[in-house]
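The block underneath contains the structure these notes are about, expressed in structure tokens.
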Amino acid sequence: MARLDGKVAVITGAASGIGAETARLFVSEGASVVLADIQDAHGKKIADELGANAAYLHVDVTNEADVAGAIQLAVKRYGRIDCMFNNAGIPGHTVLIEDTDYEAAKQTVDVLLMSVFLGMKHAVKAMKAQGSGSIVSTASVAGIGVGYGGNVYSACKAAIIHLTRCVANEVGESNVRVNAIAPGGIPTAIFGKAMGLDQDAAEGVAKMMAAGMGKAQPIPRAGDAADIAEAALWLASDASSFVTAECIVVDGGLTTGRLMSERMAAMQAMAAPA
């Protein structure tokens, strides 16, 4: 039996990266999925590849009507919604606080944080009515520690983690679970887009970045979108039915601190005779 047999999910940011990988995995495990994104060509292509158990919808996650519409489509076409994966995002700007542009900061908050609020708000309405559901949101290690992202980006990711706990406490008695995932260094097209590249060029940059990202954490390989998709699958499935209000860190050990090899090298250098 597939792990998501008969379940229905809405995934934002589903046209590329983590969202696309999650959509493919969910469908392969028996789910029906609404792919929500603003990248219409890529989103439609993936939905077509996945067949009758997938539908694409143009969704601007900063627009409440669009977000509500994605959930309504899932219920209308497939009869219910079992998982809302709030995954859409942008990299924000890594600049000093005094150099941060207000409008750019506001856009980052709208896309990263307010979109999660909207996804939770409208998913909860549908899930309470049916008496069950799992909401999953993409946070980041930048919301846990300092130095993994820009100021506004990091603040939004920290807020997602706390919002997750608050809403989980609020809706648990309705049999609705709310959790978050904090990825570490996952080389996706989001980095290339921060450089102003289009989708195809950004995906090429992600592949090049993957070669060097495995040197930053104890597990010596770059993280992959599939690693996050598997965590989302578990949280969407009945296997995690007693798990709520959690933020699962998927970072290869990045947030544990300096690598042992670096610490040993530093100790040996200090112990060496002058």
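All values derive from a computational prediction rather than experimental measurement.
Ile81 CD1 to Gln72 CD: the interatomic distance, rounded to the nearest 0.5 Å, is 10.5 Å. Atom CG of Leu112 is separated from atom NZ of Lys157 by 5.0 Å, given to the nearest 0.5 angstrom. Considering NE2 of His93 and OG1 of Thr100, their distance stands at 9.0 Å, rounded to 0.5 Å. Rounding to the nearest 0.5 Å gives a distance of 12.5 Å between CG of Asp251 and CD1 of Ile181. A distance of 4.0 Å separates CG of Leu235 from CD1 of Ile248, quoted to the nearest 0.5 Å. In this structure, Leu233 CG and Leu4 CG are separated by 4.5 Å, a value rounded to the nearest 0.5 Å.
For the side-chain contact (heavy atoms from CB on, under 4.5 Å) with Met127, the qualifying choice from Asn175, Ile71, Ile135 is Ile135, the only one to do so.
With Asn179 contributing its side chain and Val243 its backbone, the two residues share a donor-acceptor pair below 3.5 Å. Between the Thr12 side chain and the Ala88 main chain, a donor and an acceptor come within less than 3.5 Å of each other. In terms of modelled atom types and a separation under 3.5 Å, the side chain of Ser140 and the main chain of Ala182 share no donor-acceptor contact. In this structure a side-chain-to-backbone donor-acceptor pair under 3.5 Å is present from Asp66 to Asp60.
Thr164 has its side chain within reach of Met120: a pair of non-hydrogen atoms, C-beta onward, lies under 4.5 Å apart. Under the 4.5 Å side-chain criterion, counting only non-hydrogen atoms from C-beta, Arg221 is in contact with Asp227. In this structure, Glu170 and Val178 have side chains that are not in contact, with every pair of non-hydrogen atoms separated by 4.5 Å or more. Between Ile90 and Tyr153, every side-chain heavy-atom pair lies at or beyond the 4.5 Å cut-off. Proximity of Cys156 to Val109: side-chain heavy atoms (C-beta onward) are separated by under 4.5 Å at one or more points.
Hydrophobic cluster membership for Val141: Ile144, Tyr148, Ile161, Val249, Leu254 (Ile, Leu, Val, Met, Phe, Trp, Tyr linked by side-chain heavy atoms under 4.5 Å, directly or transitively). Clustering of Ile, Leu, Val, Met, Phe, Trp and Tyr side chains at separations under 4.5 Å leaves Ile38 isolated, with no partner residue.
Judged as a side chain to side chain contact (heavy atoms under 4.5 Å, CB included), and not counting sequence neighbours, the contacts of Ser134 are Val136, Arg177. For Ser32, the side chain to side chain contact (heavy atoms under 4.5 Å, CB included) test picks out Val8, Asn53, Tyr78, with sequence neighbours left out.
A salt bridge (charged side-chain N to carboxylate O under 4.0 Å, His left out) check over residues 78-101, counting only residues at least two apart or in different chains, returns the pairs Arg80-Asp82. Screening residues 25-47 for salt bridge (charged side-chain N to carboxylate O under 4.0 Å, His left out) gives Arg3-Glu29 as the qualifying pairs, with residues at least two apart or on separate chains.
Considering every non-hydrogen atom in both Ile18 and Ile228, the closest pair reads CG2-CG2, 3.8 Å. For the residue pair Asn86 and Met84, the shortest heavy atom distance occurs at OD1-CE, 3.3 Å. For the pair Ala180 and Ala139, the tightest heavy-atom approach, listed with the atom from each and the gap, is CB-CB, 4.4 Å.
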Checklist entry - Can you list the steps and then say if Glu64 with His122 is a side-chain hydrogen bond (donor to acceptor under 3.5 Å, both in side chains)? => result CA-CA 9 Å; Glu64 182 166 9; His122 291 282; 2.8 Å; yes

